[in-house]
Asks: 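Just passing along the structure, written as structure tokens.
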Amino acid sequence: MRKYYGEIGLLLTAIIWGSGFVGSAVALDSYTPYQILAGRFLIGAVLLCAVFYKKLKFISKSALIKGAILGVFLYIAFALQTVGLQFTTPSKNAFLTAVNVVIVPFIGLVIYRRKLDMFEVFGAFLAMFGVAVLSLQWSAGINIGDFLSFCCAIGFAFHIFYTAQFVKQEDPIALTIVQMATATVISFIVVLMKGEMAFSMQLEGLTSLLYLGIFSTTIAFLLQTISQKFITETKAAIILSTESLWGMVFSVILLSEVLTLKMGIGAVLILAAIILSETKLSFLKGSNPARLG
């Protein structure tokens, strides 16, 4: 059952992140991208410390180091995504960010010499292709924004991979608190250096920022960290790739975006990727197939 707890938790994370696309679109009317990052991470750090304050005095040195590493990966990935979006299209940015799903298993192969589970690898490529069909508007040429978006995918891949590694030895709540605090410190240093310390107090902007901070950051990353204790990092990346699918769903419902055949095909491909990585096609063979390597 624990495996299913992990999968349900990561699916809820992806749903929350998908809804965050709408929140980010509204927040950008009032704040700069770097202010949004600073605000959401600050809200996340404060809420986690307030709710789990009893754990603060028991955070180990090991958890501090590992949580800080996750926080650095987290901020770098978000920052690269934000900067990349200024030079490329949103659809290419979303697709290139989703490439993290195929990078994750190869991190284990290259760094730790792990055998690849070919069903999960095929599922990862299928999920990436699904995201491409779902979101990508093809345009000629590759620019600096595309490169930064790809680097962002590498950052998220390392974040997902090392979350899975660290949570095996450390308290997931402690890791989440430390990574949020680390990302908050970095984000405010960046905001200060860019001279963007004047925050808007408009109700609509504050409401959207609170949503991003409470749900897309505090709850989502806490769910992600806890859930990855029960699931492989590659399968986690595949499930989290459904963020694009849920972003489409919320855009159709809340922003009246028109649902197209291309969106439907992309959604089917992403769902097929999850089924492939989860079942390894055992329902066709009548038994669980052996791990391929």
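Keep in mind the model is a prediction, meaning the values are calculated, not measured.
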Asks: Can you see which heavy atom on L126 is nearest to which on A273, and at what distance?
Replies: CD2-N, 3.6 Å

Asks: Kindly indicate whether the side chain of M128, heavy atoms from C-beta on, has any atom under 4.5 Å from the side chain of S241.
Replies: no

Asks: Looking only at non-hydrogen atoms, find the nearest pair between S200 and L206 and report the distance.
Replies: O-CD2, 4.0 Å

Asks: More than 12 non-hydrogen atoms from neighbouring residues, nucleotides or ligands closer than 6.0 Å to NZ on K54, yes or no?
Replies: no

Asks: For V167 and P172, which heavy atoms make the closest approach, and how far apart are they?
Replies: CG2-CB, 3.6 Å

Asks: Would Q224 and T13 count as a side chain to side chain donor-acceptor pair (under 3.5 Å) if you check the C-alpha gap in whole Å, the side-chain angles of each, and the deciding distance to 0.1 Å?
Replies: CA-CA 6 Å; Q224 180 199 353; T13 300; over 6 Å; no

Asks: Assigning hydrophobic clusters by single linkage (Ile, Leu, Val, Met, Phe, Trp, Tyr; side-chain heavy-atom cutoff under 4.5 Å), is L109 placed with M118?
Replies: yes

Asks: Kindly indicate, with the supporting measurements, whether the criterion side-chain contact (heavy atoms from CB on, under 4.5 Å) is fulfilled by E7 and K235.
Replies: CA-CA 9 Å; E7 291 169 350; K235 192 176 292 183; 3.7 Å; yes

Asks: Does one side chain, of T225 or T176, offer a donor that lies under 3.5 Å from an acceptor on the other?
Replies: yes

Asks: Taking all non-hydrogen atoms of both residues into account, name the closest pair between T97 and A153 and its distance.
Replies: O-CB, 3.5 Å

Asks: Do other residues, nucleotides or ligands put more than 12 heavy atoms under 6.0 Å from the OH atom of Y53?
Replies: no

Asks: Apply the test side-chain contact (heavy atoms from CB on, under 4.5 Å) to residues T32 and I36: give CA-CA distance (whole Å), side-chain angles for both, the deciding distance (0.1 Å), then the verdict.
Replies: CA-CA 6 Å; T32 69; I36 292 174; over 6 Å; no

Asks: Mind listing the closest non-hydrogen atom pair of G44 and T218 along with its distance?
Replies: CA-OG1, 3.0 Å

Asks: Should F161 and F106 count as side-chain neighbours, where that means a heavy-atom distance under 4.5 Å?
Replies: no

Asks: Is it possible for you to say whether V185 and L42 belong to one hydrophobic cluster, with membership spreading through side-chain heavy-atom contacts below 4.5 Å?
Replies: no

Asks: Find out whether L47 and I214 are in side-chain contact, i.e. whether some heavy atom of one side chain is under 4.5 Å from a heavy atom of the other.
Replies: yes

Asks: Could you check if a side-chain atom of L223 sits within less than 4.5 angstrom of a side-chain atom of I16, using non-hydrogen atoms only?
Replies: yes

Asks: Looking at every non-hydrogen atom in both residues, tell me the closest pair between S227 and G6 and how far apart they are.
Replies: CB-O, 3.3 Å

Asks: Do L210 and F215 have side chains that approach each other closer than 4.5 Å (heavy atoms only, starting at C-beta)?
Replies: no

Asks: With a 4.5 Å limit on heavy-atom distance, are the side chains of V110 and I107 in contact?
Replies: no

Asks: Report whether L11 and I253 are members of the same hydrophobic cluster (ILVMFWY, side-chain heavy atoms less than 4.5 Å apart, transitive linking).
Replies: yes

Asks: Do side-chain atoms of Q81 reach the backbone of S149 as a donor and acceptor pair under 3.5 angstrom?
Replies: no

Asks: If you round to the nearest 0.5 Å, how far is CZ of F119 from CG of D117?
Replies: 7.5 Å

Asks: About how many Å separate CG of L37 and OG1 of T184, when rounded to the nearest 0.5 Å?
Replies: 10.5 Å

Asks: Please tell me whether F199 and L212 are part of a single hydrophobic cluster in this structure, the criterion being side-chain heavy atoms less than 4.5 Å apart.
Replies: yes

Asks: Is any NZ, NE, NH1 or NH2 atom of the basic residue among K229 and E170 found under 4.0 Å from an Asp or Glu carboxylate oxygen of the other?
Replies: no

Asks: Between S30 and E204, is there a side-chain donor-acceptor contact under 3.5 Å, judged purely by atom types and distance?
Replies: no

Asks: Is the number of heavy atoms from other residues, nucleotides or ligands within 6.0 Å of CE (M193) greater than 12?
Replies: no

Asks: Please list, chain by chain and in numerical order, all residues satisfying ring-ring contact (aromatic ring centres under 6.0 Å, His included) with F78, sequence neighbours excluded.
Replies: F41, F156

Asks: So Y162 and F73, would you call those rings parallel, tilted or perpendicular, with 30° and 60° as cut-offs?
Replies: parallel

Asks: Are W17 and F221 an aromatic pair, judged by ring center distance below 6.0 Å?
Replies: yes

Asks: Kindly indicate, with the supporting measurements, whether the criterion side chain to side chain donor-acceptor pair (under 3.5 Å) is fulfilled by E120 and T232.
Replies: CA-CA 10 Å; E120 291 189 353; T232 67; 3.1 Å; yes

Asks: With rounding to the nearest 0.5 Å, note down the distance linking CZ in F150 to CG in N100.
Replies: 10.5 Å

Asks: Quick one: does I43's side chain get under 4.5 Å of T217's, heavy atoms only?
Replies: no

Asks: Please test Q35 against M197 for side-chain contact (heavy atoms from CB on, under 4.5 Å), starting from the C-alpha separation and ending with a verdict.
Replies: CA-CA 8 Å; Q35 287 178 326; M197 290 302 292; over 6 Å; no

Asks: Counting only heavy atoms not in Q169, do more than 12 fall under 6.0 Å of its CD?
Replies: yes

Asks: Would you confirm whether Y75, through its side chain, and T182, through its main-chain N or O, come within 3.5 Å as a donor-acceptor pair?
Replies: no

Asks: Quick one about Y211 and S19 (side-chain donor to acceptor, distance below 3.5 Å, no hydrogens or angles considered), yes or no?
Replies: yes

Asks: Would you give the length of the straight line joining atom CD of Q179 to atom CZ of F166, rounded to the nearest 0.5 angstrom?
Replies: 10.5 Å

Asks: For the atom pair CD (Q202) and OG (S208), what is the distance rounded to the nearest 0.5 Å?
Replies: 10.0 Å

Asks: Test L48 against V51 for side-chain contact (heavy atoms from CB on, under 4.5 Å), laying out the working first.
Replies: CA-CA 5 Å; L48 287 168; V51 174; over 6 Å; no

Asks: In this structure, would Y34 and I189 fall into the same cluster of hydrophobic residues linked by side-chain contacts under 4.5 Å?
Replies: no

Asks: If we only count heavy atoms from C-beta on, is the Q228 to I160 side-chain gap below 4.5 Å?
Replies: yes

Asks: Can you measure from CD1 (I177) to CD1 (I59) and round to the nearest 0.5 angstrom?
Replies: 5.0 Å

Asks: Is F122 atom CZ crowded by more than 12 heavy atoms from other residues, nucleotides or ligands, each under 6.0 Å away?
Replies: no

